[in-house]
Amino acid sequence: MAQKTALIVYAHQSPASFNAAVRAVTEQELAAQGFRVLVSDLYAANFKANCTQDDVIGDLKNLELFQYGEETMHAWMEGRLSDDIKAEQRKVEEAELIIFQFPLYWFSVPAIMKGWIDRVLTQGFAFSLEKIYNHGVFKDKKAMLCFTTGATQSMYQPDGINGDINIALWPLQNGTLHFCGFQVLAPQIFWSPAHSPNAVRTVMLDGWRARVKGLLAEKPLTFAPCELFDLSFQGGFQLWPKVREERESRPYGITTGHHLGKPLPPDNQTKAPDGRK
């Protein structure tokens, strides 16, 4: 049986951080399961975050108007992307599991990780008009977010000052990972470790260690499949009328994003459908 491969896309500046401790646990536990563990340490590599013409080797297709998405799609097709992008794309191709490890910045990933997403997940390589969501390029791969927060868990409740964490996670988990086809595992959230005593941080790490042991057996989060939508410009890529009608009597929307004006399905972006985490 071929060796399994995991990729950790890691964004933290300090090797003395709690994030670094989490990464070490992840590497140890995955290696113990027989994984080959690849790490993209973005700060250590000084990974370039901004999308520029330097990402394309050779002549541009349109010399009058530089369109990053179009030019990188053609460059990917022709093997003309910059070396750092190609190196990261090879890692993605090899990995069955990708873990994005970071501290939450402004309800999202740090800029350097956003740059990785923008530059590495190019059109053609990671998605196309025909290959999105549950029909996506990476539908046979799993991915997840693993991150720390500065705020406490209570602050990210529906009645907390920061609002529902499920809503904050929707753009990353649905709009990026699921859009590219990934089976998205429930996020691993470390609530406010910087403001927690050592004993609590130890418990957090032990809980993560235990979770990693069974990570690949977990069910992914649920998202609305493409089959529920009229995938045509005439139909506006909206729910089929019969689907909307069928959902009228249900108490919740379909997902956090496809709420249909109803209450959000509880924990839609933080727990798998059977409640396992």
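Residue numbers start at 1 and run along the sequence shown. When reading the values below, keep in mind they use all heavy atoms of this one structure, side chains included, and skip hydrogens, waters and symmetry mates. It should be emphasised that the depicted structure is a prediction, and the values quoted were computed from it without experimental measurement.
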Taking all non-hydrogen atoms of both residues, which atom of Ser196 and which atom of Met204 are closest, and how far apart?
OG-CE, 3.9 Å
Looking only at heavy atoms, the pair that brings Ala224 and His258 closest together is CB-ND1, 3.7 Å
Should the ring pair Phe223 and His178 be called parallel, tilted or perpendicular, given that the plane angle runs from 0 to 90° and is split at 30 and 60?
parallel
Lys142 side-chain N/O to Leu185 backbone N/O, donor-acceptor pair under 3.5 Å:
no
Test: side-chain hydrogen bond (donor to acceptor under 3.5 Å, both in side chains). Region: residues 233-245. Which pairs qualify, not counting sequence neighbours?
none
Side-chain donor-acceptor contact under 3.5 Å, Asn19 with Thr148:
yes
Give the minimum heavy-atom separation between Tyr43 and Pro110, together with the two atoms involved.
OH-CB, 3.9 Å
ring-ring contact (aromatic ring centres under 6.0 Å, His included), that's the test. Do Phe233 and Phe237 meet it? Break it down for me.
CA-CA 6 Å; Phe233 287 100; Phe237 293 81; 5.0 Å; yes
Does any donor atom in the side chain of His74 or Gln123 lie under 3.5 Å from an acceptor atom in the other side chain?
no
Side-chain donor/acceptor of Gln173 to backbone N/O of Val184, under 3.5 Å
no
Do Glu29 and Arg209 sit within salt-bridge range, that is, some charged N less than 4.0 Å from a carboxylate O?
yes
Should the pair Arg23-Asp41 be classified as a salt bridge under the 4.0 Å nitrogen-to-oxygen rule?
yes
Taking atom types as modelled and ignoring hydrogens, do the side chains of Asn134 and Glu227 form a donor-acceptor contact shorter than 3.5 angstrom?
yes
Phe127 and its ring pair (Phe, Tyr, Trp, His ring centres under 6.0 Å) partner, picked from Trp76, Phe138, Phe179:
Phe179
Residues two or more places apart in sequence or in another chain: which of them pass side-chain hydrogen bond (donor to acceptor under 3.5 Å, both in side chains) with Tyr105?
Gln13
Between Glu93 and Lys86 (salt bridge meaning N to carboxylate O under 4.0 Å), is one present in this structure?
no
Quick check against the 3.5 Å criterion: does Arg119 have a side-chain atom that pairs as donor or acceptor with the backbone of Asp55?
no
Arg36 side chain to Thr5 main-chain N or O, any donor-acceptor pair under 3.5 Å?
no
Is it true that a side-chain atom of Asn268 and a backbone atom of Thr255 form a donor plus acceptor pair closer than 3.5 Å?
no
Among Glu71, Glu70, Glu78, the one residue meeting salt bridge (Lys or Arg N to Asp or Glu O under 4.0 Å) with Lys61
Glu78
Backbone N or O of Val212 within a donor-acceptor pair of the Gln33 side chain at under 3.5 Å?
yes
Applying ring pair (Phe, Tyr, Trp, His ring centres under 6.0 Å), which residue pairs with at least one partner in residues 142-163 are found, sequence neighbours left out?
Phe102-Phe147, Phe107-Tyr156, Tyr156-Trp191
As an exercise, state the distance from OG1 of Thr72 to CD1 of Ile85, rounded to the nearest 0.5 Å.
7.0 Å
Can you find a side-chain donor-acceptor pair between Ser40 and Trp116 that sits under 3.5 Å?
no
Electrostatic pair Glu94-Lys91, nearest N-O below 4.0 angstrom:
no
